[in-house]
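Everything below concerns the one structure shown next.
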Amino acid sequence: MTGPVLALDIAIIPAFTVTSDHTSLGTGMAHLNWLWLLFFTLNACVLTHSHGHKDGYDSVNLLIGNGGRPPNGSGGMIPSTAPPFGMTRWVAQTHENYVSVTPYNWTAQTVHGFQATRQPAIWMGESGPVVVVPGFVEGGIKAGFEERGLKMQKATEKISPAYYSVVLGDEHVGEVLVEQSATSRVGHLRFTFSTSATPYILLESSRPSVITSTPTNVTWPNGDVEIHRVSSTVHEICGSNSERQDSIITPASAQEAGAGFRGYYCARFSYSSPPSSQQYGTIQNTTHSPFSLSSSGPSVSAYATFPSSTSVTLRIGTSFISTSQARLNIDSEIPDGVTLEETVKDVEQQWREKLERFEIEGATQVEREVFWTGVAHALQVPFLLARRITHLIMRSIPRSNMNPALTTLATPPTSRKANPTRATQYGTPTAPNGPSSSSSRPSVSPAWCAACSTTLTRSVSLSTRNSNPRPDSGWLPMWKNVVETNIMVGTHADSLIAEAYLKGALATLSPSELNTAWDAVWKDATVPPLNDHNTSYFDREENVDYEVRAGLSTSYATLGWVADDIHSESASRTLDYAYDDHAASLLAHALGKTEQAEFLKERAHRAAFTLWNEATGFMEARRGDGQWAGDEEGWTEGDKWAYSFNVPHDIPTLIAKRGGNASFVQSLDDHFEGGHNDHTNEPSHHIPYLYALAGAAYKTQLRVREIARRDYNNTPNGLAGNEDCGQMSAWYIFSAMGFYPVNPVSGEYVVGSPFFDKITISLPAPPHADDKKERRLTIVARGAPAKPYVKSLTVNGRVVSGRHPVIRHEEIRDGGEVVFEMSDTVQRWGNGVVFGEDADADHQQVVVDGADHVEL
């Protein structure tokens, strides 16, 4: 692509997204889909040299998490093709997708087209899709979803991150082999027809679209389509549509700008042999217009026919800017002359470069598939939409389409989600699992962390410099899916930026950009939303303005809690806000803003425990007059059990509230043994690691492995709950390595129980490092598959005491060696509550009686 760089249209969609599910501190930004970099920062932004063909790529099974009992028990994942963090993913369409329904399900027997999708998670909506549909004229040119379905020959289906293929057929007229790959913004498809009939390809520009999760709530987005011919043959079909399924929850002040959204595409055809004659036309609703070159309105499609038994290749560029930009994306990413095989090879190499930074020894094939598929899931979002725009094109772009933005930026409540691949190096920017926001993501990769935080900062900077700034200018997104959606309840972008800065991921920002970032974080913490005094902000509430910190002015700023009789999900909000205050206080301190740091620190530690009901020993929502609201009120995707463990920034006080280590451990036992731990959602993800912080590390080691065995496998039902932009997989990856970011902004990882004999991660050099050599982080735990208990631990030769079972970020960000000594029996290491607080021997064995003793 050539031309001056005039705009960066960036949309980071779920990897750091605030997903649609609310999960709170305990869940870690559920939608901040942090690929969890925890450690390994696959420096998502930079592609480095290949590491050879190892089995990482070959162990990815993209059907994992596609099944499950919908909607809450489904992993919500699809077998799509695109490079890591690709803007547009391509998938065989078996269903019309909307909130709670994905476009592909493994049980389907028919395919209705091949869809360009940007649906970031099962509980978020689609934006600007286009569907490519093969068919046969003799059966009639069919635009309607049900009628156009072709029977799938399941045995022929081939699935990988870079290539998908399947044979479809109409038993009466013939078959077609469909092959698919994709770069970030361009789909590359080939249709090889085997038939004596006349085949066609149809482009669906606009379709009936379901709004919300109610299938009868159908809208009719406007679309347009144009056919461009060269020398009597169809050369391109281009179009656009206004479909944005989350439009009804756009904040009121952003509605006008959001209304200008369109998804654009341009499909360019090439033939194995040019047709001597060709039919083409458009369809609107059920009205066919043969030889029509354009059409607009709802349910608009265009088609072209081809000779029988021919091969047709299609390169289809996508854009949120214009059809001209979609063309430029084709020329830039898959120019004329590039074959499908070359595209597949290039995209596969991009995946291998990331996936094969991990090497594993001692894992079963099932575990390998779960692990590497988890890494692949975590590398899908957020997705970065960046394009270079020429002056000519830029003049025609609506201002609302030019702002750099993070699309599908999910920042659920205190997300802990981290991409083990990215987090390690720069840290795990994510909000700790927090109440009411699906934020259980461990943390983010250095690179992504830097990219997301930098983009956030520059987006805010751009909006605040507008000559006529919007009322919401200067706040950070909560769950941005192209446009802000108000989903989730915390402002975990605060935590993201703080973590990114503290872990060195924002070294490339200028002082003015850092100040802009701080100003946005400070505004989140101190400026309430419009009409805060009388707006509930219930989940997906329509016709309200930007939610930011609902309840800040009515009670949180003065009393320390969000009032349940005014605002929805009040208890989860309170705990999320407390964590975000904590993160912001650390950022303020690092920037030398002492007064603000002390203010936020005091509020963070006070506010969380304003919900502690001494009479019950649980967190509980409170009304504006201070009265308790009831232990079932005020929660987001969780309950009093999960959220009563959601103060990741002050676990010592939480332990003291429960009466000390022994009592706290008993409360954790009550939580697990009473069936209250719900690993299908983020608020519970950090809880098994709390045992280790209370002197019962062996129980963390057992619980983590139990969850891994029960809730993960290599089948379509292999995720116990919504992947939520990578959080479910991020938990598994971190846990397999043997540690987890309970409090991401702290720079500490709580030790668990590594699953495998050895994991080696190749880390890119930090962007600010003088030495650009890659680093290697090695985690050794010989015998771990059969030995769950930790006997001793060293990090780069430092003996880690069981009294403080954590690994510090700075110890591993540049690589290093983590060595676990494992045992098949419970050891003294980390188990002071078992031996007594004064126990000082780290290498003695103990026999644990009763249910806790496990023979392996």
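All residue numbers refer to positions in the sequence shown, counting from 1.
At a cut-off of 3.5 Å, with distance as the only test, a side-chain donor of Ser253 or Asp545 sits close to an acceptor on the other residue. Side-chain N/O atoms of His649 and Asn743 include no donor and acceptor closer than 3.5 Å. There is a side-chain donor-acceptor pair under 3.5 Å between Tyr749 and His809. No hydrogens or angles considered: a donor-acceptor pair under 3.5 Å links the side chains of His685 and Gln727. Side chains of Thr778 and Glu817: a donor-acceptor N/O pair is absent below 3.5 angstrom, by distance only. Under 3.5 Å, the side chains of Ser553 and Asp532 contain a donor-acceptor pair of N or O atoms. No donor-acceptor contact under 3.5 angstrom links the side chains of Asp519 and Thr516, judged on distance only.
Salt-bridge formation is detected for the pair Arg549/Asp581: a Lys NZ or Arg NE/NH1/NH2 atom is positioned less than 4.0 Å from an Asp or Glu carboxylate oxygen. Ion pairing between a basic and an acidic side chain is recognised when a charged N comes within 4.0 Å of a carboxylate O; Lys503 and Glu810 show no such pairing.
The shortest non-hydrogen separation linking Ala608 to Leu575 is O-CD2, 3.7 Å. The two residues Phe85 and Ser184 have their closest heavy-atom pair at O-OG, 4.4 Å. Nearest heavy-atom pair, Asp564 versus Ser570, reported as atom, atom and distance to 0.1 Å: OD1-OG, 2.8 Å. Of all heavy-atom pairs between Leu552 and Pro528, the closest is CD2-N, 3.5 Å. In terms of heavy-atom proximity, Arg606 sits nearest to Leu559 at NH1-O, 3.8 Å. Heavy atoms only, all atoms of each residue included: Trp635 and Ala571 are closest at CZ3-CB, 3.2 Å.
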**Request:** Let me see the working for Val745 and Tyr579 under side chain to side chain contact (heavy atoms under 4.5 Å, CB included), right down to the final yes or no.
**Result:** CA-CA 10 Å; Val745 78; Tyr579 184 81; 3.2 Å; yes

**Message:** For Met124 and Thr485: C-alpha separation, side-chain torsions, deciding distance, then whether side chain to side chain contact (heavy atoms under 4.5 Å, CB included) applies.
**Reply:** CA-CA 9 Å; Met124 297 301 287; Thr485 64; 4.0 Å; yes

**Request:** Please lay out, stage by stage, how Phe645 and Phe664 fare under the test ring-ring contact (aromatic ring centres under 6.0 Å, His included).
**Result:** CA-CA 10 Å; Phe645 293 111; Phe664 185 74; 5.7 Å; yes

**Message:** Run Phe609 and Leu654 through side chain to side chain contact (heavy atoms under 4.5 Å, CB included) and show every step you take.
**Reply:** CA-CA 8 Å; Phe609 293 101; Leu654 188 60; 4.1 Å; yes

**Request:** Would you check, one step at a time, whether the test side chain to side chain contact (heavy atoms under 4.5 Å, CB included) holds for Thr653 with Val647?
**Result:** CA-CA 9 Å; Thr653 298; Val647 191; over 6 Å; no

**Request:** Report the C-alpha distance between Thr491 and Tyr577 in whole Å, list the side-chain angles of each, state the deciding distance to 0.1 Å, and finish with yes or no for side-chain hydrogen bond (donor to acceptor under 3.5 Å, both in side chains).
**Result:** CA-CA 7 Å; Thr491 57; Tyr577 296 176; over 6 Å; no

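Gln255 contributes no side-chain N or O that, together with a main-chain N or O of Ala252, makes up a donor-acceptor pair within less than 3.5 Å. Thr700 places a side-chain N or O within donor-acceptor distance of the main-chain N or O of Ala692, the cut-off being under 3.5 Å. At distances below 3.5 Å, not a single donor-acceptor pair connects side-chain atoms of Ser729 with backbone N or O atoms of Gly726. Proximity of a side-chain donor or acceptor of Glu748 to a complementary backbone N or O of Pro741 within less than 3.5 Å is not detected.
For the atom pair CD1 of Ile779 and CZ of Phe739, the computed distance is 4.0 Å after rounding to the nearest 0.5 Å. Atom-to-atom distance recorded for Ile487:CD1 and Asn481:CG is 7.5 Å, nearest 0.5 angstrom. Here the OG1-CG distance, from Thr535 to Leu530, works out to 8.5 Å after rounding to the nearest 0.5 Å. In this structure, the separation between CZ on Arg776 and OG on Ser762 is 6.0 Å, given to the nearest 0.5 Å. Ser495 contributes atom OG, which lies 11.5 Å from atom CG of Asp524 (distance to the nearest 0.5 angstrom). A distance of 8.0 Å separates OH of Tyr537 from NE2 of His567, quoted to the nearest 0.5 Å.
Ring-plane geometry between Tyr740 and Trp731 is classed as tilted, the angle between the planes lying from 30 to 60 degrees on a 0 to 90 degree scale.
For the pair Val527 and Val548, the minimum side-chain heavy-atom distance is 4.5 Å or more. Taking the side chain as every heavy atom from C-beta outward, Glu569 and Glu637 never approach each other to under 4.5 Å. Using a 4.5 Å cut-off on side-chain heavy atoms (C-beta onward), Val750 and Leu693 make contact. Contact of the Glu541 side chain with the Glu547 side chain is not registered, since no non-hydrogen atoms from C-beta on lie closer than 4.5 Å. The closest side-chain heavy-atom distance from Arg622 to Leu611 is below 4.5 Å. Taking the side chain as every heavy atom from C-beta outward, Val818 and Leu793 approach each other to under 4.5 Å. Taking the side chain as every heavy atom from C-beta outward, Arg573 and Trp561 never approach each other to under 4.5 Å. Side-chain contact between Ser801 and Val799 is absent, with no heavy atoms from C-beta onward closer than 4.5 Å.
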N/O donor to acceptor pairs below 3.5 angstrom from side-chain atoms of residues 587-600, sequence neighbours left out:
none

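In this structure, the side-chain contact (heavy atoms from CB on, under 4.5 Å) partners of Glu811, at least two apart in sequence or on a different chain, are Val795, Asn796, Arg798, Ile807, Arg808.
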